[in-house]
Amino acid sequence: MADNIPKPPRVRFAPSPTGSLHVGGARTALFCWLYARNRGGKFILRIEDTDRKRSQEELSSEIINEMRWLGLDWDEGPLFQSDRFEIYRQRALQLLDDGRAYRSEPDEDGATAVIMPVDHGDITFTDLVYGPITVSGSELKDIVLLKSDGSPAYNFACVVDDHEMGMTHVIRGEDHIPNTPKQILLYRALGWKPPKFAHLPLILGEDKTPLSKRHGATSLRAFRQDGFLPQALRNYLALLGWSPGGDREIMDTAELIKRFSLKKVSRKAAVLDYQKLLWMNGQYIKKSSAGELVNALQPLLAGTEWEEVPRERIETIVTLLGHRLKSLKEFAAQTGYFFDRDISYEPEAVEKYWSGEGIIELLRETRKEIALLDSFTEDDLEKSLRGLIDRLGIKAGVLIHPLRVAVTGRMDSPGIFGILLLLGKELVLERIDKALEYLHLNPPPESK
RNA sequence: GACCCCGUCGUCCAGCGGUUAGGACACGGGCCUUUCAAGCCCGCGACACGGGUUCGACCCCCGUCGGGGUCGCCA
């Protein structure tokens with residue numbers, strides 16, 4: 001029978017533009033998208049902007065942009081419910097004509113809402129994630145179809161659209177479970193076959209309460225601006241409430257699509273672990289080429305001093321930073337010393353690596369050694385400085401750490417020789433001079 | 001309060017009748033190393049509780065406790 005032949009599903013994501021797209025919504029969108037892609041179906045984007053007071057156009061476009069950024073491409077839409085009020089009205093009128101709905105008492109202005117009465121029988125549906133759920137109709141209040149201002153109420157618009165747009169699966173947050181019996185009643189009244197329903201567990205903050213503004217930056221925009229890669233976010237979010245079974249974790253999007261199944265979706269709310277997301281982002285940063293990273297980085301650099309820096313130079317620095325970035329946002333924070341200007345010294349670094357009287361002499365010798373170089377390559381630098389280290393009979397770190405502080409001002413940095421190279425001879429010598437100057441003004445305390 | 005849902009390491013997930021209960025993040029220790037990372041190795045750490053069912057329960061049933069969701073002419 002036709003019902004048993006699996007048809008390609010049609011799945012929609014239906015955000016409401018009353019707020020930014022947050023990670024919870026993004027996770028729902030991702031699961032809808034993964035399901036559609038896994039089954040060779042269609043993914044539809046629908047904007048639920050029936051509440052004119054609370055909906056904002058800017059938020060619609062922000063949501064659409066963030067969906068694009070996350071890489072969740074849709075096959076149809078974006079469709080706006082605000083364009084479809086006439087359709088809802090017609091359907092409501094039809095139910096009125098059929099005697100399946102009634103008009104409310106008029107309000108002060110004489111306006112009436114259209115409402116559908118609910119009878120008391122049980123309503124059962126089989127959720128693809130939660131299994132069978134039964135609710136007694138006696139628990140339900142009558143369902144508003146059209147509000148007295150003529151706009152459709154959520155459940156009604158949702159049902160009309162899901163049917164008219166041919167949705168086979170409704171995948172949404174667990175908070176919609178209580179809406180489902182009401183919607184099923186609407187399908188019945190309209191003589192339509194309901195789609196399959198699948199509800200997704202909630203995403204919680206560290207304090208185990210549902211993710212909200214209180215938890216800080218939870219909008220997708222914030223994650224983008226914090227330097228997360230969309231593919232890392234997709235991977236991490238996919239694992240929040242779903243797993244392919246076994247120990248697979250790092251999965252590219254193709255694998256996610258291939259393995260995704262609603263059967264493996266968890267019923268338990270999940271706490272978003274920012275640390276693990278950061279770690280995963282680092283994994284993806286490591287897998288990316290410098291070119292890809294610069295592409296992702298550039299929007300974050302707009303409006304900063306880096307905007308003027310040639311792409312090739314940024315790419316070189318990104319390469320040098322290599323594996324030590326967990327988010328793109330760290331880039332600018334860790335590389336200020338590449339600009340030709342005075343640097344400040346981290347107090348800790350000064351205290352730890354510029355103590356003891358020998359330090360001044362050591363930096364002088366180092367300067368002399370570098371000044372002598374006429375070929376300024378990473379190899380030459382290493383050879384010459386290691387030569388000095390040998391002659392002085394010291395450990396490499398004894399020279400390298402103070403030098404690092406002199407040229408970067410920091411406790412930590414990528415490999416020193418690469419940094420010297422990128423800084424260039426002139427700036428390196430200048431920085432060492434500045435360091436010596438500083439040390440004359442602020443003599444290191446007697447050490448041990 | 002009513003209705004519905006959930007309950008494995010701190011966190012995310014495996015395991016679903018017989019396992020030394022597995023992996024990842026975090027945490028602690030070690031190795032490597034010019035620092036910080038990365039990487040590698042080791043460690044810490046959980047089946048909410050109580051009854052059943054069963055030769056045998058994390059896995060099945062019931063209850064308790066705990067947590068969450070919803071009860072709008074918001075979506």
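Proteins come first, then strands; the chains are lettered A, B, ... in the order of their sequence lines, and each starts at number 1.
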Report yes if at least one side-chain N or O of [X] is closer than 4.0 Å to OP1 or OP2 of [N]; otherwise report no.
X: A:Lys286; N: B:rA38; value: no
X: A:Lys352; N: B:rU35; value: no
X: A:Gln81; N: B:rC74; value: no
X: A:Lys268; N: B:rU8; value: yes
X: A:Thr50; N: B:rA75; value: yes
X: A:Lys208; N: B:rU11; value: yes
X: A:Arg267; N: B:rC6; value: yes
X: A:Ser413; N: B:rU35; value: no
X: A:Arg386; N: B:rU34; value: yes

Compare the minimum distances between each of B:rU70, B:rG68, B:rG39 and the side chain of A:Gln283, then state the nucleotide with the smallest one. B:rG39
Are the aromatic ring centres of [X] and [Y] under 6.0 angstrom apart?
X: A:Phe31; Y: A:Phe260; result: yes
X: A:Phe43; Y: A:Phe13; result: no
X: A:Tyr284; Y: A:Tyr236; result: no

What distance, rounded to whole Å, do you find between the two [atom1] atoms, one in [N] and one in [M]?
N: B:rG66; M: B:rG72; atom1: C1'; answer: 29 Å
N: B:rU54; M: B:rC13; atom1: C1'; answer: 29 Å
N: B:rC62; M: B:rC27; atom1: C1'; answer: 39 Å
N: B:rG39; M: B:rA26; atom1: P; answer: 9 Å
N: B:rG43; M: B:rC25; atom1: C1'; answer: 16 Å
N: B:rG22; M: B:rC58; atom1: P; answer: 14 Å
N: B:rC73; M: B:rG63; atom1: P; answer: 34 Å

Could you check whether A:Pro414 gets within reach of a base, just the sugar-phosphate, or nothing at all, counting any heavy atom under 4.0 Å?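 Base: the residue A:Pro414, judged by heavy atoms under 4.0 Å, touches a nucleobase.
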With no hydrogens and no angle check, do the side chains of A:His199 and A:Asp175 hold a donor and an acceptor under 3.5 Å apart? no
Ignoring hydrogens and angles, tell me if any N or O in the side chain of A:Asn281 forms a donor-acceptor pair with the backbone of A:Ala232 under 3.5 Å.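 Not at all, since once roles are kept as given, no pair shorter than 3.5 Å links the two residues.
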Determine, for A:Arg221 against A:Glu62, whether the closest basic-nitrogen to carboxylate-oxygen distance falls under 4.0 angstrom. yes
Is A:Arg91 salt-bridged to A:Glu164, going by a charged N under 4.0 Å from an acidic O? yes
Non-hydrogen atoms of A:Arg52 and A:Ser151 that approach each other most closely: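 Taking A:Arg52 first and A:Ser151 second, the nearest heavy atoms are NH1-CB, 4.0 Å.
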If pairs are Watson-Crick or G-U with both distances under 3.5 Å, what is the dot-bracket string of RNA chain B, marking crossing pairs with [ ] and pairs to another strand with |? (((((((..((((....[...)))).(((((.......)))))....(((((..]....))))))))))))....
